[in-house]
Amino acid sequence: MPTSGPDAMQPALRRRRRRQGFLLPFACLSAALIAAALLPGAAFADGVTPSEARRLRDEVKDMFYHAFDGYMQHAFPLDELRPLSCQGEDSLGGYALTLIDSLDTLALLGDKERFDAAVEWVGKNVRFDINKTVSVFETNIRILGGLLSAHLIASDYATGMRIQSYDDQLLHLAADLAQRLLPAFDTPTGIPFGSVNLVYGVDENESKITSTAGGGTLTLEFGVLSRLTNDSVYERVTKNSVRGIWARRSKLDLVGAHINVFTGEWTQKDAGIGTSIDSFYEYLLK
């Protein structure tokens with residue numbers, strides 16, 4: 001198989017998709033949200049018959065492959081597909097973001113052929129020693145999370161998706177990426193900058209204002225990485241960030257939307273469960 005470029009993944013795309021069984025990788029918390037619609041024998045919502053559930057399951061699967069195939073055919077190995085022009089763009093870093101973000105879904109759908117091919121391609125071709133300034137938040141939830149969940153699936157026989165030739169390549173990539181994100185946490189409050197350069201660290205002109213979601217939606221992925229590598233630094237810095245935000249809550253136990261990572265002052269005091277705050281609460285629950 002070619003080691004780079006769109007042709008590296010095309011043979012798997014040209015093969016006819018087979019209706020394969022579904023599984024729930026225990027390591028993927030996000031996959032649990034989809035599982036009820038996909039797993040045979042799953043509990044049905046009130047008023048949904050088994051035949052309707054199967055139809056909805058197949059509809060979800062078809063929607064995923066419509067998006068995934070479009071990306072692979074028209075945008076890969078760039079980050080994302082622009083739906084109107086049907087062209088690809090490197091919008092968030094330049095490391096085949098959509099492919100990495102889709103790895104655990106391929107596994108959840110039981111698509112071992114494409115999961116195996118994608119893991120092999122990522123392990124051989126993705127590198128993070130690139131002069132790109134990236135969002136800490138987006139890179140964490142989409143790249144670090146994608147690498148870690150796929151690593152857990154590919155390395156465990158219990159998932160049914162174990163790759164015989166797999167040798168922790170995705171875990172090594174995840175650790176390298178997290179190391180490159182760590183400079184963002186070097187602030188007086190422990191709350192990270194919103195962006196960091198993967199080679200040079202935080203730019204001297206980087207904004208000191210970050211969102212609550214940006215500073216508080218990191219612990220799950222960094223925590224898993226600490227457990228897998230026995231290096232506590234990742235979990236420690238992200239927990240410090242969450243504590244730094246929570247320590248500055250109001251008397252009503254509410255947090256604002258944006259905060260200064262140096263002074264700890266709220267620059268936008270609006271509280272809610274919408275944009276800029278929502279996933280902070282999500283990760284507290286997780």
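Start at 1 with the first residue, then count along the sequence.
- Side-chain contact between V242 and Y283: absent, with no pair of heavy atoms (C-beta onward) separated by less than 4.5 Å.
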Determine, stepwise, if the pair F64 / L109 fulfils side chain to side chain contact (heavy atoms under 4.5 Å, CB included).
CA-CA 10 Å; F64 167 77; L109 295 177; 3.4 Å; yes
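- Between atom OG of residue S195 and atom NZ of residue K132 there is a gap of 13.5 Å, rounded to the nearest 0.5 Å.
- Both tests do not hold together for R180 against F128: distance to the six-membered ring centre under 6.0 Å, angle to the ring axis within 45°.
- In this structure a side-chain-to-backbone donor-acceptor pair under 3.5 Å is present from Y166 to L170.
- Side-chain atoms of D79 and Y95, non-hydrogen and from C-beta on, do get closer than 4.5 Å to each other.
- Linking ILVMFWY side-chain heavy atoms closer than 4.5 Å, directly or via other members, places I130 and L181 in a single hydrophobic cluster.
- Here the side chains of T139 and L177 are in contact, with some heavy-atom distance below 4.5 Å.
- Rounding to the nearest 0.5 Å places OG of S91 at 6.5 Å from CG of L97.
- Residues I153 and I163 are not in side-chain contact: their nearest non-hydrogen atoms beyond the backbone lie 4.5 Å or more apart.
- Atom OG1 of T189 and atom CZ of R243 lie 14.0 Å apart (nearest 0.5 Å).
- Using modelled atom types, one side-chain atom of T49 and one backbone atom of E52 make a donor-acceptor pair closer than 3.5 Å.
- Nearest heavy-atom pair across L218 and P192 is CD1-CG, 3.9 Å.
- Residues I209 and V136 are members of separate hydrophobic clusters, defined by side-chain heavy-atom contacts under 4.5 angstrom among Ile, Leu, Val, Met, Phe, Trp and Tyr.
- The two residues S276 and H258 come nearest to each other via the heavy atoms OG-CE1, 3.4 Å.
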Worked verdict on D111 versus Y65 for side chain to side chain donor-acceptor pair (under 3.5 Å)
CA-CA 11 Å; D111 195 338; Y65 277 114; 2.5 Å; yes
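- Between the side chain of T212 and the backbone N or O of I277, no donor-acceptor pair lies under 3.5 Å.
- Of all non-hydrogen atoms in A96 and W121, the two that sit nearest each other are CB-CZ3, 3.7 Å.
- In this structure a side-chain-to-backbone donor-acceptor pair under 3.5 Å is missing from K61 to L56.
- Not one N or O on the side chain of T217 forms a donor-acceptor pair closer than 3.5 Å with the backbone of G214.
- Aromatic ring centres of F68 and F76 lie farther apart than the 6.0 Å criterion allows.
- Using modelled atom types and a 3.5 Å distance limit, the side chains of E80 and T98 yield no donor-acceptor pair.
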Show the numbers, then the answer: is there a salt bridge (charged side-chain N to carboxylate O under 4.0 Å, His left out) between R248 and E265?
CA-CA 8 Å; R248 292 166 173 85; E265 296 179 3; over 6 Å; no
Run the side chain to side chain donor-acceptor pair (under 3.5 Å) check on N140 and E221 step by step: do they pass?
CA-CA 7 Å; N140 174 66; E221 293 81 4; 2.9 Å; yes
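- Within 6.0 Å of CG on D278 lie more than 12 heavy atoms contributed by other residues, nucleotides or ligands.
- By the 6.0 Å contact criterion, CZ on F262 is enclosed, its count of non-hydrogen atoms from other residues, nucleotides or ligands being greater than 12.
- The closest side-chain heavy-atom distance from R236 to V233 is below 4.5 Å.
- Hydrophobic clustering places W266 together with I273 (ILVMFWY residues linked when any side-chain heavy atoms are closer than 4.5 Å, directly or through intermediates).
- The two residues L103 and F115 have their closest heavy-atom pair at O-CD1, 3.4 Å.
- Residue R82 qualifies as open at atom CZ: its count of foreign heavy atoms under 6.0 Å is 12 or below.
- V199 and V196 are assigned to two separate hydrophobic clusters, defined by single-linkage of ILVMFWY side chains at heavy-atom distances under 4.5 Å.
- Following chains of ILVMFWY side-chain contacts shorter than 4.5 Å, one cannot reach L78 starting from V126, and the two form parts of different hydrophobic clusters.
- Other residues, nucleotides and ligands contribute more than 12 heavy atoms inside 6.0 Å of the CZ atom of R249.
- Summarising the geometry, atom CG belonging to L285 is positioned 12.5 Å from atom OG belonging to S279; distances are rounded to the nearest 0.5 Å.
- Counting only distance, with no hydrogens or angles, the side chain of E282 and the backbone of F280 share no donor-acceptor pair below 3.5 Å.
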Begin from the C-alpha positions of D253 and W246 and carry the test side chain to side chain contact (heavy atoms under 4.5 Å, CB included) through to its verdict.
CA-CA 8 Å; D253 287 339; W246 188 241; 4.2 Å; yes
D203 vs N197, test: side chain to side chain donor-acceptor pair (under 3.5 Å). Steps then yes/no.
CA-CA 7 Å; D203 186 88; N197 186 283; over 6 Å; no
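- Side-chain contact between V255 and I245 is present, with at least one heavy-atom pair separated by less than 4.5 Å.
- Side-chain contact between H151 and D168 is present, with at least one heavy-atom pair separated by less than 4.5 Å.
- With rounding to the nearest 0.5 angstrom, the CG atom of L152 is 9.5 Å from the OG1 atom of T159.
- Considering I100, L147, D101 as possible partners of R142, the one that fulfils the side-chain contact (heavy atoms from CB on, under 4.5 Å) test is D101.
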Start with the C-alpha distance between F222 and F185, add both sets of side-chain angles, then the distance that settles ring-ring contact (aromatic ring centres under 6.0 Å, His included), and finish with yes or no.
CA-CA 12 Å; F222 274 71; F185 294 86; 5.7 Å; yes
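- Remark: side-chain polar atoms of K208 are not paired, donor with acceptor, to backbone N or O of V261 under 3.5 angstrom.
- Within the 3.5 Å criterion, the main-chain N or O of E138 finds a donor-acceptor partner in the side chain of S135.
- Heavy atoms only, all atoms of each residue included: L220 and K286 are closest at CD2-CD, 3.9 Å.
- Looking at every heavy atom in both residues, K112 comes nearest to G160 through CD-O, 4.4 Å.
- Considering only heavy atoms from C-beta on, L148 comes within 4.5 Å of L225 through its side chain.
- Going from atom CG of L81 over to atom CD of Q73 covers 10.0 Å, rounded to the nearest 0.5 Å.
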Is there a side chain to side chain donor-acceptor pair (under 3.5 Å) between Y234 and Q179? Walk through the geometry before answering.
CA-CA 8 Å; Y234 308 114; Q179 280 291 328; 2.9 Å; yes
